[in-house]
Amino acid sequence: MRGEVVVPASKSLTNRLLLLAALADGPSVVVNALESRDSSLMLAGLQRLGARVEHLADGGGTREPAVRITPLPLAAPPAAQAHDASDVQVDCGLAGTVMRFLPAVAALTGHAVHFDGDPEARVRPMGAVLEGLAELGVDVRDPSAPEGAAPTTLPFTVSSPAGLTGGEISIDASGSSQFVSGLLLAAPRMTEGLTLRHSGTSVPSLEHVEMTLTVLEQLGVSVSSPAPYTWRVEPGAIPAFTARVEPDLSNAGPFLCAAAVTGGEVVMRGWPKDSTQIGRRWTQLLTDFGAEVDSVEEPGGETVTLTVRGPERLVTPGTVDGTAELTPTLAALAALCDGETTFTSVAHLRGHETDRIAALVVEIRRLGGAAEETDDGFRVLSPISHGGLVHSYADHRMATFGAVLGLAVDGVEVEDIGCTAKTMPTFPQLWERLVP
Ligand SMILES: O=C(O)C1=C[C@@H](OP(=O)(O)O)[C@@H](O)[C@H](O)C1
Ligand SMILES: C=C(OP(=O)(O)O)C(=O)O
């Protein structure tokens with residue numbers, strides 16, 4: 001695999017910026033927003049909550065497509081305009097950022113809003129974010145459950161006729177960093193702002209919480225972390241803004257790994273030098289697996305051209321720690337190494353699009369490799385030895401895991417490559433272009 005790749009925009013940054021545009025104090029423009037299932041669901045959800053969405057061919061003279069959002073109306077306490085909006089429905093699909101980020105925004109509008117999603121989404125953990133909202137006075141219920149039973153998964157309805165006052169709450173976010181981000185993103189529009197404390201052992205994917213805080217700060221919101229695992233967002237207007245979205249560095253992973261597993265070379269221009277995305281870790285991770293990574297600064301100084309060259313034989317780093325959403329792609333590298341690789345601090349992957357720990361172990365074994373689950377992750381013991389059908393489980397990263405394996409082993413077929421549309425609808429075309 002040899003060539004140059006331009007990956008689409010970041011899902012995580014797109015969905016944060018779209019949401020914050022809907023809470024800003026005037027129309028805002030998100031340039032180079034991702035177009036994918038997750039971002040479409042975010043836009044549709046924000047529209048349901050009252051935001052206006054316009055697609056622009058040229059975002060503010062940059063000749064790049066953009067989305068202009070006119071903010072949604074917030075509840076005016078006392079909630080004179082809050083109507084009985086039992087017909088406001090938000091479809092979350094399988095998007096964690098929609099199911100975890102929009103309930104607090106829904107509460108700010110004063111409407112009763114019903115959330116549901118794909119069958120696979122109905123098992124993804126939601127408890128902590130819903131408990132947090134309940135602590136803030138929001139009525140959270142599953143209309144089909146017995147009276148009094150607090151929902152911990154989709155579907156559910158949130159309703160807070162007077163909007164959100166905010167204050168100080170504590171939740172256990174050990175299941176997902178999105179529980180923290182989902183409450184902090186809405187916090188500037190809570191009348192008292194929000195102090196949020198995490199009460200469990202550790203928060204996974206902490207890079208994503210840092211991304212939330214940085215984006216808020218870049219948009220003029222005052223944020224702080226007064227103690228470990230405690231965050232404070234001050235109340236206030238979010239000035240209307242224009243922001244451009246970086247390329248998705250997590251989705252860059254399969255392409256960079258394509259070079260790594262084939263002894264090829266893949267070039268990416270416009271790689272941000274200073275990103276909040278967890279995908280910034282690829283340069284070190286690929287080096288750890290034996291690839292050669294070069295970066296050359298581009299004019300302007302904010303981006304580099306990244307070149308990844310694959311080694312003759314991959315080497316295992318032994319342990320790979322806390323790699324969150326990068327893990328399925330890294331598991332493909334591990335499944336092509338002779339030595340053992342142990343993935344640690346990724347227990348929360350069981351609550352992703354599918355139980356990724358179980359899925360990765362099953363699929364590696366299906367192709368003749370040896371792998372086992374551990375308490376906080378999994379271990380790849382020996383490489384895959386033959387082809388077969390890799391199951392996707394509706395999970396874009398399981399599909400791209402299979403695609404990377406198929407470059408190194410004959411006869412690998414990936415079921416439902418279309419599920420990559422969750423964050424990268426152009427994956428099949430971009431992939432084909434790299435094949436010699
Ligand atoms: O905030 C975000 O944009 C995300 C946070 C992470 O969630 P978890 O903390 O559940 O891993 C990550 O895996 C997900 O793809 C995107
Ligand atoms: C975990 C992921 O997605 P979500 O935003 O749906 O949680 C992911 O993209 O790997």
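This chain uses plain numbering: 1 for the first residue, then up along the sequence.
The shortest distance between side-chain heavy atoms of Thr191 and Leu164 does not fall below 4.5 Å. Counting heavy atoms from C-beta on, the side chains of Pro188 and Leu216 come closer than 4.5 Å. Contact check for Glu131 versus Asp172: no side-chain heavy atoms found under the 4.5 Å cut-off. Using a 4.5 Å heavy-atom threshold, the side chains of Met398 and His391 count as separate. A 4.5 Å side-chain heavy-atom check between Thr341 and Thr319 finds every atom pair outside the cut-off.
Every side chain to side chain donor-acceptor pair (under 3.5 Å) that Asp139 has, sequence neighbours left out, goes to Arg141. Annotation: salt bridge (charged side-chain N to carboxylate O under 4.0 Å, His left out) contacts of Glu207 (sequence neighbours excluded): Arg281. Applying the salt bridge (charged side-chain N to carboxylate O under 4.0 Å, His left out) criterion to Glu372, with sequence neighbours excluded, gives Arg379. Among residues two or more places apart in sequence or in another chain, the salt bridge (charged side-chain N to carboxylate O under 4.0 Å, His left out) test is passed with Arg197 by none. Residues satisfying the side chain to side chain donor-acceptor pair (under 3.5 Å) test with Ser392, not counting sequence neighbours, are none. Partners of Phe156 by ring pair (Phe, Tyr, Trp, His ring centres under 6.0 Å), not counting sequence neighbours, listed by chain and number: Phe115. A search for side chain to side chain donor-acceptor pair (under 3.5 Å) contacts involving Glu373 returns Arg350, not counting sequence neighbours. In this view, Asp288 and Gln284 satisfy the side chain to side chain donor-acceptor pair (under 3.5 Å) rule, not counting sequence neighbours. Partners of Glu363 by salt bridge (charged side-chain N to carboxylate O under 4.0 Å, His left out), not counting sequence neighbours, listed by chain and number: Arg366.
A side-chain donor-acceptor contact under 3.5 Å links Thr344 and Asp321. Of the N and O atoms on the side chains of Ser144 and Asp142, at least one donor lies less than 3.5 Å from an acceptor on the other residue. Donor-acceptor pairing under 3.5 Å is lacking for the side chains of Thr276 and Glu210. Residues Thr165 and Glu192 bring no donor and acceptor atom of their side chains to less than 3.5 Å of each other.
Among residues at least two apart or in separate chains, ring pair (Phe, Tyr, Trp, His ring centres under 6.0 Å) pairs with a member in residues 194-233 are His198-Tyr229. For residues 8-56, there are no ring pair (Phe, Tyr, Trp, His ring centres under 6.0 Å) pairs, not counting sequence neighbours.
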Review item, side-chain donor-acceptor pairs of residues 92-100, under 3.5 Å, at least two apart:
{"residue": "Thr97", "atom": "OG1", "partner": "Asn15", "partner atom": "ND2", "Å": "3.0"}
{"residue": "Arg100", "atom": "NE", "partner": "Pro125", "partner atom": "O", "Å": "3.1"}
{"residue": "Arg100", "atom": "NH1", "partner": "Gln178", "partner atom": "OE1", "Å": "2.4"}
{"residue": "Arg100", "atom": "NH2", "partner": "Pro125", "partner atom": "O", "Å": "2.8"}

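For the pair Gly279 and Leu326, the tightest heavy-atom approach, listed with the atom from each and the gap, is CA-CD2, 4.1 Å.
A centroid separation of less than 6.0 Å is found between the aromatic rings of Phe427 and Phe255.
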